[in-house]
Trainee: 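Once you've had a glance at the structure underneath, I'll fire off some questions.
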Amino acid sequence: GEVRAKDSFASRLCLAYKRITSNSELESFFGLRDFIYLLQDIRGRSQLIEQTLHISLDNLLRALERNFNGLPFHSFRKLVSTFIKDCDVPHSTDATQLLRNPIEVVREALSVEDTSD
């Protein structure tokens, strides 16, 4: 996985979110709650070792699919590209080609077990 300083990566995520929500088409579509859940999802999928967050491109894509989807596919691809660019996540191919079918995303979300008491 990719290694990121926690504070630096958080700042980059905030920049990407700000750019996404400043788009008049999306400003009322996504709210702060979506962003908070995105952060929690990334944290849950990644390893934190001594203030260093190990985040893979796959973890970021899965978190975006789960928390920022619901747009037409071309708009979602643009959103994903913005996050990847602003977060400076290295990738060797068009990362949007790794996006899953929405049905797969829903199946994954429904298969998560609730561990709260």
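What you see is a predicted model; the values in this text were computed from it and never measured.
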Trainee: Test side-chain contact (heavy atoms from CB on, under 4.5 Å) on Leu64 and Leu38; report intermediate values, then the result.
Mentor: CA-CA 7 Å; Leu64 287 168; Leu38 173 74; 3.8 Å; yes

Trainee: Please name the pair of heavy atoms, one in Ser46 and one in Asn59, separated by the smallest distance, quoted to 0.1 Å.
Mentor: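 For Ser46 and Asn59, the tightest heavy-atom pair comes out as OG-ND2, 3.4 Å.
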
Trainee: Can you find a heavy atom in the side chain of Phe35 that is under 4.5 Å from one in the side chain of Thr21?
Mentor: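 Side-chain contact under 4.5 Å: no.
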
Trainee: Just jot down the side chain to side chain donor-acceptor pair (under 3.5 Å) partners of Asn69, sequence neighbours excluded, or say none.
Mentor: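 Partners of Asn69 by the side chain to side chain donor-acceptor pair (under 3.5 Å) criterion come out as none, since no residue qualifies.
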
Trainee: Report whether Val105 and Phe29 are members of the same hydrophobic cluster (ILVMFWY, side-chain heavy atoms less than 4.5 Å apart, transitive linking).
Mentor: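 No, Val105 and Phe29 fall in different hydrophobic clusters.
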
Trainee: Measure the CG-CZ distance between Leu15 and Phe83 for me, rounded to the nearest 0.5 Å.
Mentor: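 One gets 9.5 Å once the value is rounded to the nearest 0.5 Å.
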
Trainee: When you group the ILVMFWY residues by side-chain heavy-atom contacts below 4.5 Å and let the links chain together, are Ile36 and Leu48 in the same group?
Mentor: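 Yes: a chain of side-chain contacts under 4.5 Å links Leu48 to Ile36.
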
Trainee: To the nearest 0.5 Å, what is the distance between CD (Glu65) and CG (Leu60)?
Mentor: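 Going from CD on Glu65 over to CG on Leu60, the span is 10.0 Å.
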
Trainee: To the closest 0.5 Å, what do you measure between CD1 (Ile42) and SG (Cys87)?
Mentor: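 If I round to the nearest 0.5 Å, the distance is 7.0 Å.
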
Trainee: Quick one: CZ on Arg62 to CZ on Arg100, what's the gap to the nearest 0.5 Å?
Mentor: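 Separation between the atoms: 4.5 Å.
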
Trainee: If you take all heavy atoms of Tyr17 and Leu32, which pair is closest and at what distance?
Mentor: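 Heavy atoms only, the tightest pair is OH-N, 3.1 Å.
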
Trainee: Are side-chain heavy atoms of Lys18 and Cys14 found at a separation under 4.5 Å?
Mentor: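 Result no, sub-4.5 Å side-chain heavy-atom pair not found.
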
Trainee: Applying side chain to side chain contact (heavy atoms under 4.5 Å, CB included), name anything that partners Asp34, two or more places apart in sequence or on another chain.
Mentor: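 Here the qualifying residues are Phe30, Phe68.
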
Trainee: Quick check: are there more than 12 heavy atoms from other residues, nucleotides or ligands sitting under 6.0 Å from CD of Gln40?
Mentor: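 It does: Gln40 CD has more than 12 such atoms within range.
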
Trainee: Side chains of residues 75-82: which donor-acceptor pairs under 3.5 Å do they make with residues two or more places apart or in other chains?
Mentor:
residue, atom, partner, partner atom, Å
Ser75, OG, Glu25, OE2, 3.4
Arg77, NE, Thr96, OG1, 3.3
Arg77, NH2, Asp94, OD2, 3.2
Arg77, NH2, Thr96, OG1, 3.0
Ser81, OG, Arg77, O, 3.1
Thr82, OG1, Lys78, O, 3.0

Trainee: Does Phe73 have more than 12 heavy atoms from other residues, nucleotides or ligands lying within 6.0 Å of its CZ?
Mentor: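 Correct, the count exceeds 12.
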
Trainee: Can you check whether Arg66 reaches Arg45 side chain to side chain, under 4.5 Å on heavy atoms?
Mentor: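 Touching, per the 4.5 Å side-chain cut-off.
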
Trainee: For the CG atom of Asp88 and the CZ atom of Phe9, what is their distance to the nearest 0.5 Å?
Mentor: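 Atom-to-atom, Asp88:CG and Phe9:CZ are 9.5 Å apart.
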
Trainee: CD of Glu104 to CG of Leu99: how many Å apart, nearest 0.5 Å?
Mentor: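 So the gap between those two atoms works out to 10.5 Å.
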
Trainee: Kindly write out the residues that satisfy salt bridge (charged side-chain N to carboxylate O under 4.0 Å, His left out) with Arg19, not counting sequence neighbours, or none if the list is empty.
Mentor: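 Listed in chain order: Asp86.
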
